[in-house]
Structure formats: structure tokens, C-alpha cells
Amino acid sequence: MLTSGEIETFTGTDLRTLIGAEAKAVPGTVPVPFPFEHRWLAILITDIAGYSRLIEIDKMATAIRIRHLRQHVILPTVRAYHGWIVNHAGDGTLMAFGRCEDALHCAIALHRGLALAEQEVPADRRIHLHMGVSVGDVLIADGELYGNAPNIAARLQSLAKAGEVCVSDDVLHRIVTMPDAEVKPMGDLKLKNIARMVKGHRVLVTNVRPTASPVGMENRVRRLSLSLKRRDACRPAPP
């Protein structure tokens, strides 16, 4: 799960003192100038529901499936909706998009893609995501994102249940074409470390039932897991 420290902003710090033409001393910072860019971005943060439980059941099989899903489901879907993955942190992923509509459509496509990829996995071991989407002015520096939008997206993600996308009101108002989903208002939310109240909405993904048979990924994972275990068993014990 993304920790608050991994997505915190320069809260309370005047960014002009950090990004001016000349480096200025700011308590607790290194006064080194850096290239930066301001962009209005939609931020999508995902997290794996029940990650700790899945790891406890079978950490190797879970790790293999997560890596497979990131490469063959998540990354292609994000690219298809004109976004990019900023970083992974444990079981969480932070993504950015130029349009709110792309971010929300991507989130729903991810739910459906995972349902398709995981349909042969036992129900209690399937990987589901809960997601949050926010939008706002973001400072991009050295590939990292700074601003309230990532923070708000992370807080909304923590409120979403498996198979849901929680979005801010600012996001919903920028959606022109709503995908096949049900929207339920959450009202005004007091989010941790966010000064203003944020109006949120739950987007419940409908029609996630797979429409085609995927390759038997669970069987491939099981075979690879057994292969790795046999390989490790054949390794000499460390001195």
C-alpha cells in the first residue's frame, strides 16, 4: 500500500523558494535547483485488495501473478488510455493522465481486464483492485509528482472497496462520456492531511463478468512456482 510519506507534498512550503532561478536556503531541504514542470493531471492510484492475506497464502504465486498482471494487463491498459505509470510502491501503483476521462475509463478497463485474467484463479485468491482518482495542478520534478492531487487520490483509494473507483467531484465534472458504471455520491469527505473538504463519489463497475476465456494463468503460475521451489531446493545451503 502506498504510504503517506511516499506521496506527501511539500506541505506548507512555498514552492517558489524551491524552484526559483537561484537556489534559496529552506530549512530541512538541500538548496539545489532542479528542472520542473507544472501540468494539470488526473491521478489514478490503485491498490491490491487483501494483499497481506494473499501473500500469507502463497507469496511466490502472488508475486508471480502481480508481476504478470502488471506487464500484461496494467501497463498495456494504461498506455491504451494515454497514461503512464509514475511508480510502484509495494502493491500500489501511481498513474497519471492528461484527461480525467482517460483516467476513469482506464480504471474501469483495469477492473474488467483483471476479471478476465483471473477467472481461472480460485475466488478467494483472485487479485482485485481498489482505486482513487483525483485531478489538479501537479509539479513534475525528476519524474516524481508533487501536489494535492496525488494525496487526494491516495486518500480516495483507501476508501474504495474491491472493484470500486472513488473519484473526486472535480473529476466527475470533467467526464464527458461515462462508461458502463453506477455512480453513488459519498458527500463531503474530511481526508487525512487535506485542509479542504473533498466531495467524493463511488463508481461501481458493472458488467465485469469475463466475456472470453483467458489463457490458464493459474496453471502457468503453479508450474512456475513449483519450478522455482525445486530450483531453490537444489541449491547448496549457504555456509
Query raised in the report: Taking a hydrophobic cluster as the set of Ile, Leu, Val, Met, Phe, Trp and Tyr residues connected by side-chain heavy atoms closer than 4.5 Å, whether directly or through intermediates, do Ile85 and Val133 fall within one such cluster?
Result: yes
Query raised in the report: Arg174 side chain to Asp170 main-chain N or O, any donor-acceptor pair under 3.5 Å?
Result: yes
Requested in this report: Examine Leu44 and Ile194 and state if one hydrophobic cluster contains both, with Ile, Leu, Val, Met, Phe, Trp and Tyr joined whenever side-chain heavy atoms are less than 4.5 Å apart.
Outcome: no
Report task. Taking the side chain as every heavy atom from C-beta outward, state whether Asn193 and Asn151 have any pair of such atoms under 4.5 Å apart. Result -> no
Query raised in the report: Taking everything shown except Glu56 itself, do over 12 heavy atoms lie less than 6.0 Å from its CD?
Result: no
Query raised in the report: Sub-3.5 Å donor-acceptor pair from the side chain of Glu182 to the main-chain atoms of Leu204, do we have one?
Result: no
Query raised in the report: So how far is it from Ile66 CD1 to Ile55 CD1, rounded to the nearest 0.5 Å?
Result: 5.5 Å
Query raised in the report: Taking C-beta and beyond as the side chain, do Lys184 and His201 meet within less than 4.5 Å on heavy atoms?
Result: no
Query raised in the report: Quick one: CD1 on Ile64 to CG on Leu69, what's the gap to the nearest 0.5 Å?
Result: 12.0 Å
Query raised in the report: How many angstroms lie between CZ in Arg39 and CG in Leu145, if you round to the nearest 0.5 Å?
Result: 9.5 Å
Query raised in the report: Backbone N or O of Asp124 within a donor-acceptor pair of the Arg53 side chain at under 3.5 Å?
Result: yes
Query raised in the report: Would you say Asp47 and Asp91 make side-chain contact, with heavy atoms under 4.5 Å?
Result: yes
Requested in this report: Using the test side chain to side chain donor-acceptor pair (under 3.5 Å), find all partners of Asp137 that sit at least two apart in sequence or belong to another chain.
Outcome: His38
Query raised in the report: Between Ser168 and Leu156, which heavy-atom pair has the shortest distance, and what is it?
Result: N-CD1, 3.5 Å
Report task. Side-chain contact test, heavy atoms from C-beta onward, threshold under 4.5 Å: evaluate it for Leu172 versus Lys199 and give yes or no. Result -> no
Query raised in the report: For the residue pair Ala96 and Val86, what are the closest heavy atoms and their distance?
Result: CB-CG2, 4.1 Å
Report task. Could you grab the distance from atom CG of Asp169 to atom CE of Met186, nearest 0.5 Å is fine? Result -> 12.0 Å
Query raised in the report: With hydrophobic residues grouped by side-chain heavy-atom distances under 4.5 Å, do Ile57 and Tyr51 end up in a single group?
Result: no
Report summary line: d(His88 NE2, Thr46 OG1) to nearest 0.5 Å is 8.5 Å
**Report entry** Atom of Val165, atom of Ala107 and distance for their closest heavy-atom approach
**Finding:** CG2-CB, 3.8 Å
Query raised in the report: Are any non-hydrogen side-chain atoms of Arg65 and Glu118 less than 4.5 angstrom apart?
Result: yes
**Report entry** Check: His130 side chain, Glu164 main-chain N or O, donor-acceptor pair, under 3.5 Å
**Finding:** no
**Report entry** Non-hydrogen atoms of Leu159 and Arg202 that approach each other most closely
**Finding:** O-NH1, 3.0 Å
Query raised in the report: Going from CG on Leu129 to CD1 on Ile45, what distance comes out if it is rounded to the nearest 0.5 angstrom?
Result: 13.0 Å
Requested in this report: Would you kindly confirm whether Val183 and Leu189 end up in one hydrophobic cluster when ILVMFWY residues are joined by side chain heavy atoms under 4.5 Å apart?
Outcome: no
Query raised in the report: Is there a chain of hydrophobic side chains (I, L, V, M, F, W, Y, each step under 4.5 Å between heavy atoms) that links Met131 to Met95?
Result: yes
**Report entry** Test item: Thr62 side-chain N/O and Leu54 main-chain N/O as donor-acceptor pair under 3.5 Å
**Finding:** yes
Query raised in the report: Any idea which heavy atoms bring Ala153 and Ile43 closest together, and the distance?
Result: CB-O, 3.7 Å
**Report entry** Under 3.5 Å donor-acceptor, His82 side chain and Arg99 backbone
**Finding:** no
Report task. Quick one: do Phe97 and Val135 satisfy side-chain contact (heavy atoms from CB on, under 4.5 Å)? Show the steps, please. Result -> CA-CA 9 Å; Phe97 301 80; Val135 65; over 6 Å; no
Requested in this report: Taking the side chain as every heavy atom from C-beta outward, state whether Leu110 and Ile74 have any atom pair closer than 4.5 Å.
Outcome: yes
Report task. Over all heavy atoms of both residues, which pair between Val73 and Thr77 is shortest? Give the atoms and the distance, please. Result -> O-OG1, 2.6 Å
